[in-house]
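In what follows, chains carry the letters A, B, and so on, assigned in the order in which the sequence lines appear, proteins first and then strands, with residues in each chain numbered from 1.
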Amino acid sequence: MALRVYNTFTGEKEIFVPLQPGKAGMYVCGVTVYDYCHIGHARANIVFDVIFRYLKYAGYDVTYVRNYTDIDDKIINRANQEGVDFRTIADRYIQAFDEDMDRLGLEKPTVEPKATDHIAGIIAIIETLVAKGHAYESEGDVYYAVETFPEYLKLSGRNLEEMLAGARVEIGEKKRNPMDFALWKGSKPGEPFWESPWGQGRPGWHIECSAMSMEFLGKTFDFHGGGKDLVFPHHENEIAQSEAANGCRFVRYWLHNGFVNINSEKMSKSLGNFFTIRTVLEKYDPETLRFFILSAHYRSPIDFSDQNLDDALSGLERIYSCLAALDEVLHANPASGDLPALETLPEAGLELHEKLLQAVPRFVEAMDDDFNTALALGVLFETVRATNRFLAETKEFGPVVIALLAHARHLFTETGTVLGLFGNNPAEWLEGIKAAKAVQVDISAEEIERLIVERAEARKAKDFKRGDEIRDLLLEKGIQLLDSAQGTTWNVK
RNA sequence: GGCGGCGUAGCCAAGUGGUAAGGCAGAGGUCUGCAAAACCUCUAUUCAGCGGUUCAAAUCCGCUCGCCGCCUCCA
């Protein structure tokens, strides 16, 4: 079945029909660069990274635009606090954002425009809006007159009269209607500015997205995404600006991701209950964070907690352990050929064979259904179990068996490309997790190794009492021993 | 107050009309000198509650309870 996406605009899942066959245009609101990103930003960006990857996987030629808002009141405030230029602040946090996204395994969007590089385009749209009577100049500011756009609030399903009746809307003297919003703000002394037909000033918050999306994707394009909190006013205002200026439909499918919660409450700057990405990554592996985020549907709220991250890590370890086992076998036995015919498989391989045949179609079906990554991961876990079972029961690794295992391995490589997961060398990744855990343990690796040797000697001498003593001692310190034919390894519990 | 969402096992989480995926945790078993890992089996007669529609409801409708979001900068 074809790709279906939930469109905020209609409130329904719709079959995706691209504007131009074989192509997809996507604009996602980026960050305002005045501080480090928190995990809410991580979620939004990871979610749209996966959507970008999946659209490409599905065969579309995708143009993905994600902007940096590098001029804004908050940036100016921050610059004033530090006594530096706004550019210094913006550049610092653009770099920080790039580092964070890179660590989280995000692909680079096709274009990452900055608002300040598009002032001319912004001014051009505002001029058009003024000329068409949708905007007016007022003491150096330019405002959008919401009453001139009958479809205003159609995205968020609100009612202008009722919103006006709400006491929380502050009436600015410069505005004709309290709901009008700024397209251009005249600059105060000492503030950064650009020359414009209305004097020196800077763009309002929403207009940059109208300008940049039009520049790179055209007047009408396929997807526009962002966090749920952007529906109003940001996206609503973008629609008003773009559609009034261009006289045509702005966005065809609106996608909005759910929040990251802390104790079931929205994480936000104002509540002060946020964690920055870098803080979280001091404690957790970036792929674990990514895996955690993808373990829920992108529109659902997701609760961030140590417990949930630990569970995610356990799940990811299960997958990587399976991949490490596969790689070990495949490394020792060169793979070749296609998926073997059923009748040539040993009994234990039938289930795996069947799972592998279904895996990609099921994965695709899950992703086609509004990017259901949680379901998709479920499919992969089923394959892990089938693989483990087969591995546990297989003694001889003939060409047929190897071909089957190679296909299992390939499944994870292929789906991992879409999800941005499993890209690490499994053995190395597991080793890294182990090392990270080992740091928190009150015993050195050398000491552990020494005790393992001592235990081996004791066991060789059939001194199981001493051997068990050592094992229990280590277990007490959180070290779990794993005996195998090749010797003893250890893990941090 | 207006608009919207959610409530599925101890925890996380899919499933939106056809008889409850998956993960974590837990219990028993196989393996093991004993363990661990892995594997096998088990763990929701039931989807917040109460009514209704239907041959059939976690899924649709109504009401109730609880939680959350947007309405102000916010991913």
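Classified by interplanar angle (parallel below 30°, tilted 30° to 60°, perpendicular above 60°), the ring pair A:H38/A:F274 is tilted. Using cut-offs of 30° and 60° for the angle between ring planes, the A:Y144 and A:F181 rings count as parallel.
Here A:T279 pairs with A:T276 under the side-chain hydrogen bond (donor to acceptor under 3.5 Å, both in side chains) rule; sequence neighbours left out. With sequence neighbours excluded, the residues that form a ring-ring contact (aromatic ring centres under 6.0 Å, His included) with A:F422 are A:F412. Partners of A:D180 according to the side-chain hydrogen bond (donor to acceptor under 3.5 Å, both in side chains) rule, which considers only residues two or more places apart in sequence or in another chain, are A:Y136. In terms of the side-chain contact (heavy atoms from CB on, under 4.5 Å) criterion, residue partners of A:S295 (sequence neighbours excluded) are, by chain and number, A:F292, A:L377. A:Y36 pairs by the side-chain hydrogen bond (donor to acceptor under 3.5 Å, both in side chains) definition with nothing, not counting sequence neighbours.
Residue A:N308 is classed as a sugar-phosphate contact, given heavy-atom separations below 4.0 Å to backbone atoms only. Residue A:D72 is classed as having no contact, given no heavy-atom separation below 4.0 Å to the nucleic acid. Residue contacts for A:F292: at a heavy-atom cut-off of 4.0 Å it reaches no nucleic acid atom on any strand shown. At the heavy-atom level, A:H234 lies nowhere under 4.0 Å from the strands shown. If you check every strand for non-hydrogen atoms under 4.0 Å, A:V260 touches a base. A:G225 comes within contact range of no nucleotide atom at all, as no heavy-atom separation falls under 4.0 Å. If you check every strand for non-hydrogen atoms under 4.0 Å, A:S268 touches a base.
The 5' end of RNA chain B is approached more closely, in terms of each residue's nearest nucleotide, by A:K13 than by the other of A:T32 and A:K13. If you find the closest nucleotide of RNA chain B to A:S300 and to A:G157, the one lying nearer the 5' end belongs to A:G157.
With respect to the salt-bridge test (charged N to carboxylate O, under 4.0 angstrom), the residues A:R455 and A:D468 do not qualify.
Only the C1' atoms considered, B:U53 is 12 Å distant from B:G17, to the nearest whole Å. On the C1' atoms, B:G23 is 8 Å away from B:A13, given to the nearest whole Å. On the C1' atoms, B:A9 is 13 Å away from B:U45, given to the nearest whole Å. The same atom, P, is picked in B:C70 and in B:C11; the two are 26 Å apart, to the nearest Å. Nucleotides B:G49 and B:U8 have their C1' atoms positioned 15 Å apart, rounded to a whole Å. Annotation: B:G15 and B:C6 have their P atoms spaced 11 Å apart (nearest Å). For the P atom pair drawn from B:A27 and B:U32, the interatomic distance equals 22 Å after rounding to whole Å. B:A20 and B:U54 have their P atoms separated by 23 Å, with the value rounded to a whole Å.
For A:F381, counting side-chain heavy atoms from C-beta on, the closest listed nucleotide (B:G22, B:C11, B:A14) is B:G22. When distances are taken from the side chain of A:D369 to each of B:U16, B:A14, B:C73, the shortest belongs to B:U16. Here the side chain of A:R318 is nearest to one of B:A25, B:A75, B:G23, namely B:G23. Counting only heavy atoms from C-beta on, A:A296 has its side chain closest to B:A14 among B:G23, B:A14, B:C39. Side-chain proximity of A:F232 to B:A75, B:C70, B:C39: nearest is B:C70.
Each salt bridge (Lys or Arg N to Asp or Glu O under 4.0 Å) pair with one or both residues in residues 304-313 of chain A, not counting sequence neighbours, appears once here: A:K283-A:D306. Within the structure, ring pair (Phe, Tyr, Trp, His ring centres under 6.0 Å) contacts touching residues 96-115 of chain A (residues at least two apart or in different chains) are A:Y68-A:F97. Residue pairs meeting the ring pair (Phe, Tyr, Trp, His ring centres under 6.0 Å) criterion with at least one member in residues 301-332 of chain A, sequence neighbours excluded: A:F275-A:F304, A:Y320-A:W429.
Stems are defined here as 3 or more consecutive Watson-Crick or G-U wobble pairs with pairing distances under 3.5 Å; those involving RNA chain B are B:1-7 with B:65-71, B:10-12 with B:22-24, B:26-30 with B:38-42, B:48-52 with B:60-64.
For A:I319 and B:A37, the CD1 to C1' distance is 17 Å, given to the nearest whole Å. Atom CG in A:N257 sits about 16 Å away from atom P in B:G69, given to the nearest Å.
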Between A:E238 and A:S210, does the side-chain hydrogen bond (donor to acceptor under 3.5 Å, both in side chains) criterion hold? Intermediate values first, please.
CA-CA 6 Å; A:E238 280 185 51; A:S210 287; 5.0 Å; no
Test side-chain contact (heavy atoms from CB on, under 4.5 Å) applied to A:I239 and A:H235, step by step
CA-CA 6 Å; A:I239 292 174; A:H235 291 333; 5.5 Å; no
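Put simply, A:R389 has no side-chain N or O that comes within less than 4.0 Å of OP1 or OP2 on B:U30. Using a 4.0 Å cut-off, some side-chain N or O of A:N388 falls inside it from OP1 or OP2 of B:C39.
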Look for any protein N or O under 3.5 Å of an N or O in nucleotides 19-21 of chain B and output each such pair with its distance, or none.
| residue | atom | partner | partner atom | Å |
| --- | --- | --- | --- | --- |
| B:A21 | O2' | A:E382 | OE2 | 2.9 |

Would you list the protein and nucleotides 32-35 of chain B atom pairs, both N or O, that sit under 3.5 Å from each other?
| residue | atom | partner | partner atom | Å |
| --- | --- | --- | --- | --- |
| B:G33 | N7 | A:R459 | NH2 | 3.4 |
| B:G33 | O6 | A:R459 | NE | 2.7 |
| B:G33 | N1 | A:D468 | OD1 | 2.8 |
| B:G33 | N2 | A:D468 | OD1 | 3.1 |
| B:G33 | N2 | A:D468 | OD2 | 2.3 |
| B:C34 | O2 | A:R471 | NH1 | 2.2 |
| B:C34 | O2 | A:R471 | NH2 | 2.7 |
| B:C34 | N3 | A:R471 | NH1 | 2.5 |
| B:C34 | N4 | A:D483 | OD2 | 3.4 |
| B:A35 | N1 | A:D483 | N | 3.3 |
| B:A35 | N1 | A:D483 | OD2 | 3.1 |

N/O donor-acceptor pairs under 3.5 Å from side chains in residues 46-53 of chain A, not counting sequence neighbours:
| residue | atom | partner | partner atom | Å |
| --- | --- | --- | --- | --- |
| A:D49 | OD1 | A:E107 | N | 2.9 |
| A:D49 | OD2 | A:R53 | NE | 2.8 |
| A:D49 | OD2 | A:R290 | NH1 | 3.4 |
| A:D49 | OD2 | A:R290 | NH2 | 2.6 |
| A:R53 | NH1 | A:T417 | O | 2.7 |
| A:R53 | NH2 | A:G105 | O | 2.8 |

